[in-house]
Amino acid sequence: MPTDHLCSTCVELNESQGEAPPHAGLRPMLELGERQMFRCRYCGAFATSPGDGHEAWSFNVMGLPVQPG
C-alpha cells in the first residue's frame, strides 16, 4: 500500500529508516518483546517500532502493509 493513507508525521517516520522516535500522535497499544505497536491518533495507522532484527518502523493501514519510505 502506498503512503497516501498516512498522515504527514507517519510518512516522515516511515521515511526515517528507523532513526526517529515515535511522534506525539502515536499511542502505545501492545509490547512485542523489544518492539512496541502504536496506533496513530491522526490517520489510524498501526505502527511497529524498530527492534528484534527490524531496522525501520513498519506501518499497517486497513490490514495492508505500507511500503517502507
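Nothing here was measured: the structure is a model prediction, and the numbers come from that model. Just so it is clear, the values below take in all heavy atoms, side chains as well, and ignore hydrogens, waters and symmetry mates.
The shortest heavy-atom contact between C10 and L6 is CB-CB, 4.0 Å. For the residue pair L32 and M37, the shortest heavy atom distance occurs at CD1-CB, 4.2 Å. Across all non-hydrogen atoms, the minimal contact from P65 to N60 is N-ND2, 4.1 Å.
For W57 (side chain) and A20 (main-chain N/O), a donor-acceptor pair under 3.5 Å exists by modelled atom type. Using modelled atom types, one side-chain atom of R35 and one backbone atom of S49 make a donor-acceptor pair closer than 3.5 Å. Distance alone, capped at 3.5 Å, is enough to place a donor-acceptor pair between the R39 side chain and the G44 backbone.
The cluster map of Ile, Leu, Val, Met, Phe, Trp and Tyr, joined by side-chain heavy atoms under 4.5 Å apart, puts V66 and M62 in the same cluster.
Within the model, atoms SG of C7 and CG of L13 stand 9.0 Å from one another, a figure rounded to the nearest 0.5 Å. Here the straight-line distance linking atom CG of D4 with atom SG of C43 works out to 12.0 Å at 0.5 Å rounding. The OG1 atom of T3 lies 6.5 Å from the CD atom of E15; values are rounded to the nearest 0.5 Å. With values rounded to the nearest 0.5 angstrom, F46 atom CZ is found 10.0 Å from L30 atom CG.
Ring orientation note: the planes of Y42 and H23 are close to parallel, at an angle under 30° on the 30°/60° scale.
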